[in-house]
Amino acid sequence: MAEKFTKGAARNIYYGGSLFFILLFLALTLHTTRAAPETSHAENLTESVARGKLVWEENNCIGCHTLLGEGAYYAPELGNVYVRRGGDASFKDYFAAWMKIQPLPAPGRRKMPQFNLTDQQVDDLAEFLKWTSQIDTQDWPPNVEG
Amino acid sequence: MTASSTLKFASQSVAKPYFIFALILFAGQIVFGLIMGLQYIIGDFLFPAIPFNVARMVHTNLLIVWLLFGFMGAAYYLIPEEADVELHSPLLAWILFWVFAVAGTLTVLGYLLVPYATLASITGNDLLPTMGREFLEQPTITKVGIVVVALGFLYNVGMTVLKGRKTVINVVMMTGLVGLAVMFLFAFYNPENLVMDKFYWWWVVHLWVEGVWELILGAILAFVLIKVTGVDREVIEKWLYVIIGLALMTGIIGTGHHYFWIGTPSYWQPLGSIFSALEPLPFFAMVLFAFNAINHRRKEHPNQAAVLWAMGTSVMAFLGAGVWGFLHTLSPVNYYTHGSQITAAHGHMAFYGAYAMIVLTIISYAMPIIRGQGQAAPNRAQITEMWGFWLMTVSMVFITLFLTAAGVVQVWLQRLPESGAALSFMDTQQQLNIFYWARELAGVIFLIGLLVYFASFFVKGEAADVTAMKAARARAQI
């Protein structure tokens, strides 16, 4: 480092540079927040979807699964599970049956606990997963397996 | 509280319970890591007593909390010394220690003893839902408790800085700690819209680990380097500004690497890719900083174990956060690796290298002084500590390599083929068992390293001698 590069210069770059990028980040945040209703199809975010998100959170589903690639890597991605498991035609029936038979009696297989959800909760959770599958994720995941 | 003759200020010794409790939680984190590692292979291990999600929550929450204890201990130790005054209120520090320790323990017991949904219900999550999001699983009342502890803590160290010298290290440390507390407030914002939830969730997680925590890391490292090398403060402070400047100038917009696939606009792909590709720079600067300072040292400090930790944290942070982060940060790559075992590999080495190791660095430097052992632990204790260092660090390298290999195969089988040809998630996992076994074995060695490290605190012997320690370090580095 050259002699000219003093502590004062380093300090000014730190403060000035940080301030600039904080402001840029805030501007981008504003834009992203304004774009979110469109990219997330907020018009389809019903009360059932909102209740389903709470069911998702209060049972710590993220502790095993990923949702849009974020979470734990122990169990399948669920952002697109609605598409993977039959979509409009059969997802809800599949999902309700699946939740009822947990944990699967397969020795050595990774286990999903029985959460004892009510029919209403299962339906809300299904609505939440359906809504999530419609978010514009720039074509992620690469294929249906998530 | 036993004030030692070698402490500059008696109140610095309040760091001791923070350090000890941090290390106890660290041990718990590793035990639960091993449980999870086994559950990856033997799926019904400890089921239903400890389901995977519970083990994971305990593993990651213990990590966060022990690092917070470590940061607070570091602050209580270095801020009075830098400010050249006694801590504003050692009593407050003790009270907050017990509040945080009890609240943290109760929270972990809650995770382990009742179903998560019950915990959510009895703590009134419905009133202000904040639970069930990765790393922020704590009940809302625990989160409120964290804020209260943080405010009391910031008041205590803030008053200390105001009364005394405002060194660059103290100002940077305070900026980092205040930033930590401020960003945590976004943990209370949980909108119904998942896209916005995820967007602001990263304001806590990313702006902690790739933002304000780097200020804390830099300040602690700078403090220890001044102490163990005797290098001119002006030089160290200039480096510190360069490092934290690079960290924030790359890391803030670098948040964009989390905004590729969660329902945010597409411009985050180029922005996130470019800026996060630059994120290794502050870590590279940190390596140069540490090695330069040590090469230009003006004295031989008797605590060579602390010198080893300081060098180690810069190298491992660069590898884990810098190199392993870069591996999968460009959006065309991340499209295939997002949420795979590659992510897990990066997470492990980055957290260990940057944050676990910096806390172990300050503990290594400060504990002998707090314990009244003089400037350093006895030689034999330091050699034991260095064994712990190498066992833990090398096994973490192997954990990272095995998880990376698992991730590459996972991407190959599950992500690259078209729908129909791709293997399902569960079938893919079956193919990765060999890597998971190897990772578990490396994890066991990590635990052994941790036990050796703990043992070093109890090794007695003659006072530290610089020449012998240099020889030992040279041998250890072969």
Side-chain angles (χ1 to χ4, degrees), chain A residues 5-7 10-11 13-14 17-18 21-22 24-25 28-29 31-33 35-37 39-40 42 45 49-50 53-54 56-64 66-77 103 107-111 113 115 132 135-138 140-146, chain B residues 39-40 42-44 47-48 51-54 56-57 116-117 120 125 129 131-134 137 192-196 198-199 234 237-238 241-242 244-245 248-249 252-253 255 259-266 269 335-336 338-341 343-344 414-419 422-426:
Chain A
F5 187 68
T6 60
K7 186 175 104 180
R11 184 188 60 221
I13 291 172
Y14 161 63
S18 301
F21 284 108
I22 288 170
L24 176 61
F25 188 65
L28 292 167
T29 293
H31 181 270
T32 299
T33 304
T39 54
S40 64
L45 205 168
V49 172
K53 182 169 183 278
L54 198 57
W56 166 271
E57 288 166 359
E58 294 194 340
N59 289 280
N60 194 29
C61 307
I62 205 83
C64 291
T66 49
L67 191 65
L68 306 187
E70 295 169 356
Y73 320 114
Y74 188 69
E77 161 68 30
R109 188 185 190 276
R110 295 181 189 178
K111 290 283 184 285
F115 292 103
T132 302
I135 294 171
D136 176 7
T137 56
Q138 314 288 333
W140 194 89
N143 64 44
V144 75
E145 298 301 343
Chain B
Q39 287 176 332
Y40 253 82
I42 304 167
D44 48 6
F47 185 88
F52 179 86
N53 72 307
V54 173
R56 184 182 198 262
M57 202 159 50
Y116 191 73
N125 188 57
M131 292 173 71
R133 296 175 304 148
E134 193 185 5
E137 295 93 345
E192 286 176 350
N193 189 321
L194 182 70
V195 174
M196 284 291 96
K198 283 176 172 290
F199 185 86
E234 282 291 307
E237 288 175 345
K238 182 164 78 175
Y241 276 129
V242 169
I244 61 175
L248 295 187
M249 287 188 285
I252 291 172
I253 306 297
T255 316
Y259 296 159
F260 294 160
W261 328 114
I262 62 166
T264 34
S266 59
Q269 289 188 45
Y335 184 67
Y336 293 102
H338 179 53
S340 72
Q341 290 298 320
T343 318
Q414 183 196 325
R415 290 277 172 80
L416 286 175
E418 302 279 321
S419 294
L423 220 50
S424 76
F425 176 90
M426 292 301 279

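Not measured: the values here are computed from a predicted model. Below, chain A is the first sequence line, B the second, and so on; all start at residue 1.
- Residue contact with chain A, scored on non-hydrogen atoms closer than 4.5 Å, involves the backbone of B/Ser340 exclusively.
- Interface remark: B/Tyr335 contributes backbone and side-chain atoms alike to the contact with chain A (heavy atom separation under 4.5 Å).
- Atom-to-atom distance recorded for B/Asn53:CG and A/Asn60:CG is 4.5 Å, nearest 0.5 angstrom.
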Inset, instruction - Show your reasoning for whether side-chain contact (heavy atoms from CB on, under 4.5 Å) applies to A/Thr32 and B/Tyr259. - result: CA-CA 10 Å; A/Thr32 299; B/Tyr259 296 159; over 6 Å; no
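- Heavy atoms closer than 4.5 Å to chain A are found in both the backbone and the side chain of B/Pro265.
- Within the 4.5 angstrom heavy-atom criterion, only backbone atoms of B/Phe260 (N, CA, C, O) approach chain A.
- In this structure, the separation between CD on A/Glu58 and OH on B/Tyr116 is 8.5 Å, given to the nearest 0.5 Å.
- Interface remark: B/Phe199 contributes side-chain atoms only to the contact with chain A (heavy atom separation under 4.5 Å).
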Inset, instruction - I would like to know whether B/Val242 and A/Phe5 meet side-chain contact (heavy atoms from CB on, under 4.5 Å); could you show each step before the answer? - result: CA-CA 10 Å; B/Val242 169; A/Phe5 187 68; 3.5 Å; yes
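- Here the straight-line distance linking atom CE of B/Met196 with atom OG1 of A/Thr39 works out to 7.0 Å at 0.5 Å rounding.
- Chain B forms the most heavy-atom pairs under 4.5 Å with one residue out of A/Asn59, A/Thr137, A/Ile135, and that residue is A/Thr137.
- The NE2 atom of A/His31 sits 11.5 Å away from the OG1 atom of B/Thr264 when rounded to the nearest 0.5 Å.
- If you measure heavy-atom distances from B/Arg415 to chain A, the contacts under 4.5 Å come from both the backbone and the side chain.
- Ranking A/Thr66, A/Leu45, A/Ile13 against chain B, the residue ahead of the rest is A/Leu45, based on heavy-atom pairs under 4.5 Å.
- With a threshold of 4.5 angstrom between heavy atoms, B/Met249 approaches chain A through its backbone and through its side chain.
- When each of A/Leu24, A/Thr29, A/Leu54 is scored by its heavy-atom pairs under 4.5 Å with chain B, the top score falls to A/Thr29.
- With a 4.5 Å cut-off on non-hydrogen atoms, A/Ser18 touches chain B through its backbone and its side chain both.
- Using cut-offs of 30° and 60° for the angle between ring planes, the A/Trp140 and B/His338 rings count as perpendicular.
- Interatomic distance, CD1 of A/Ile62 versus CZ of B/Arg56, reported as 8.0 Å (0.5 Å rounding).
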Inset, instruction - Give the C-alpha distance, both sets of side-chain angles, the deciding distance and a yes or no for side-chain contact (heavy atoms from CB on, under 4.5 Å) between B/Trp261 and A/Leu68. - result: CA-CA 7 Å; B/Trp261 328 114; A/Leu68 306 187; 6.0 Å; no
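- Taking the six-membered ring where the residue is Trp, A/Tyr74 and B/Tyr40 present perpendicular rings, their angle passing 60° and hence far from 30°.
- Heavy atoms closer than 4.5 Å to chain B are found in both the backbone and the side chain of A/Ala72.
- For the atom pair OG (A/Ser40) and CD (B/Glu192), the distance works out to 11.5 Å, reported to the nearest 0.5 Å.
- Within the 4.5 angstrom heavy-atom criterion, only side-chain atoms of B/Glu137, from C-beta onward, approach chain A.
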